[in-house]
Protein chains: 2
Amino acid sequence: MQERIECCDEHCVHPEILEHVKLEMPDEEALYDLAELFKVFGDTTRIRILYVLFESEMCVCDIAELLNMSQSAISHQLRVLKQARLVGNRREGKTIYYFLADDHVRAIIGQGMEHIEE
Amino acid sequence: MQERIECCDEHCVHPEILEHVKLEMPDEEALYDLAELFKVFGDTTRIRILYVLFESEMCVCDIAELLNMSQSAISHQLRVLKQARLVGNRREGKTIYYFLADDHVRAIIGQGMEHIEE
DNA sequence: ATCATATATGAACAGATGATCATATGTTTG
DNA sequence: CAAACATATGATCATCTGTTCATATATGAT
């Protein structure tokens with residue numbers, strides 16, 4: 001007689017909550033984009049780059065020197081950061097300066113810091 | 001005569017800014033922890049789990065059913081979320097209910113959403 | 001005690017990721 | 001135009017990650 005014969009027949013949350021959850025879920029594309037965004041923050045090198053840019057815009061070789069890493073490694077990561085629109089850049093002669101794209105970066109990292117400092 | 005003979009001798013930011021950046025950087029351990037935290041957010045399954053828990057605490061099999069994934073996969077990811085202290089759980093008989101650990105989760109995901117919706 | 005149910009866990013494997021190396025592109029200077 | 005410099009990029013490789021499968025643990029019911 002019962003439709004659902006597997007687990008969670010009776011013990012769990014009410015069906016209307018399950019329905020409600022399904023309705024409230026953002027669409028798959030947004031969830032995917034969100035995970036992709038956080039992946040970008042989920043790497044020590046990229047976090048360090050972002051922290052460096054908190055203080056001032058900076059060229060690639062300066063970042064590499066500051067973080068004691070190869071120019072190539074930094075360049076690859078700056079590409080990832082730029083694709084995620086977390087940083088922007090501008091050219092001045094041979095040099096390319098990178099800077100934080102917007103204040104969400106600070107906000108997100110700030111919230112993260114609060115959590116781990118608990 | 002010059003100490004620094006590589007790139008960035010003259011064109012780039014002033015040395016005092018470089019010094020300032022070095023001083024302002026959080027220590028390596030904090031940066032590592034921060035990256036680890038964002039890694040946890042950087043997966044579609046875990047993001048979806050967190051969104052489900054936005055609405056209500058829920059047991060493992062319900063989450064699995066809602067997300068159309070195996071109980072094992074969900075259990076593995078709940079473990080990761082718990083280790084990052086993003087969710088907590090409580091037992092009620094055979095069932096274990098998971099819930100959001102604190103409001104940083106909402107804040108962080110909210111900021112992330114704002115960014116991708118730009 | 002035995003069985004069913006809910007969840008957890010370890011091993012294994014495929015796919016993703018990040019640093020390195022070599023090289024390419026683009027800019028300035030002589 | 002050639003050389004020097006700043007940056008970007010493609011290939012490679014070792015490592016990490018997430019799912020699956022099989023199995024273990026824990027609780028409740030009979």
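So that the names make sense, note that chain A is the first sequence line, chain B the second, and so on, each numbered from 1.
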Subject >> Under the side-chain contact (heavy atoms from CB on, under 4.5 Å) test, residues paired with A:D103 that sit two or more places apart >> reply: A:R106
Subject >> Difference in axis direction between the ends of the helix from C:dA1-D:dT30 to C:dG30-D:dC1, five pairs, 10° >> reply: 20°
Subject >> Strand contacts (DNA chain C) in residues 26-43 of chain A, 4.0 angstrom heavy-atom criterion >> reply: A:K39, A:D43
Subject >> Side chains of B:N89 and B:Y97 in contact at under 4.5 Å (non-hydrogen atoms) >> reply: no
Original post:
Excluding sequence neighbours, so at least two apart, what forms side-chain hydrogen bond (donor to acceptor under 3.5 Å, both in side chains) with B:R90?
Top reply: B:E57, B:E92
Original post:
In chain order, what residues pass the ring-ring contact (aromatic ring centres under 6.0 Å, His included) check against B:Y98, with sequence neighbours excluded?
Top reply: none
**OP:** Can you sort out the partners of A:A84 under side-chain contact (heavy atoms from CB on, under 4.5 Å), two or more places apart, ordered by chain and number?
**Re:** A:V40, A:L86
Original post:
Residues two or more places apart in sequence or in another chain: which of them pass side-chain contact (heavy atoms from CB on, under 4.5 Å) with A:Q83?
Top reply: A:R79
Original post:
Taking OP1 and OP2 of C:dT20, is either one under 4.0 Å from a side-chain nitrogen or oxygen of A:S70?
Top reply: yes
**OP:** Flag the pair A:I108 / A:F38 as yes when at least one side-chain heavy-atom distance between them is below 4.5 Å, and no otherwise.
**Re:** yes
Original post:
Separation of B:D62 atom CG from C:dT7 atom C1', in whole Å?
Top reply: 13 Å
**OP:** Return the set of residues passing side-chain contact (heavy atoms from CB on, under 4.5 Å) with B:A64 (not counting sequence neighbours), or none when no residue passes.
**Re:** B:I74
Between the protein and nucleotides 26-28 of chain D, list the N/O to N/O atom pairs that are separated by less than 3.5 angstrom.
| unit_1 | atom_1 | unit_2 | atom_2 | d |
| --- | --- | --- | --- | --- |
| D:dA26 | O3' | B:R91 | NH1 | 3.2 |
| D:dT27 | OP1 | B:R91 | NH1 | 3.4 |

Original post:
Are any non-hydrogen side-chain atoms of B:Q111 and A:I109 less than 4.5 angstrom apart?
Top reply: no
Original post:
Does OP1 or OP2 of D:dA6 have a side-chain N or O of A:Y98 closer than 4.0 Å?
Top reply: no
**OP:** Please check the phosphate of C:dA6 (OP1 and OP2 only) for any side-chain N or O of B:T95 closer than 4.0 Å.
**Re:** no
Subject >> Qualifying residues under ring-ring contact (aromatic ring centres under 6.0 Å, His included), relative to B:Y32, sequence neighbours excluded >> reply: none
**OP:** Can you tell me which residue pairs pass the salt bridge (charged side-chain N to carboxylate O under 4.0 Å, His left out) test with a partner in residues 29-46 of chain A, sequence neighbours excluded?
**Re:** A:E36-A:K39
Original post:
Going by heavy atoms closer than 4.0 Å, what residues in residues 71-88 of chain B are next to DNA chain D?
Top reply: B:S72, B:A73, B:H76, B:Q77
Original post:
Are any of the side-chain heavy atoms of A:R85 and B:H115 separated by less than 4.5 Å?
Top reply: yes
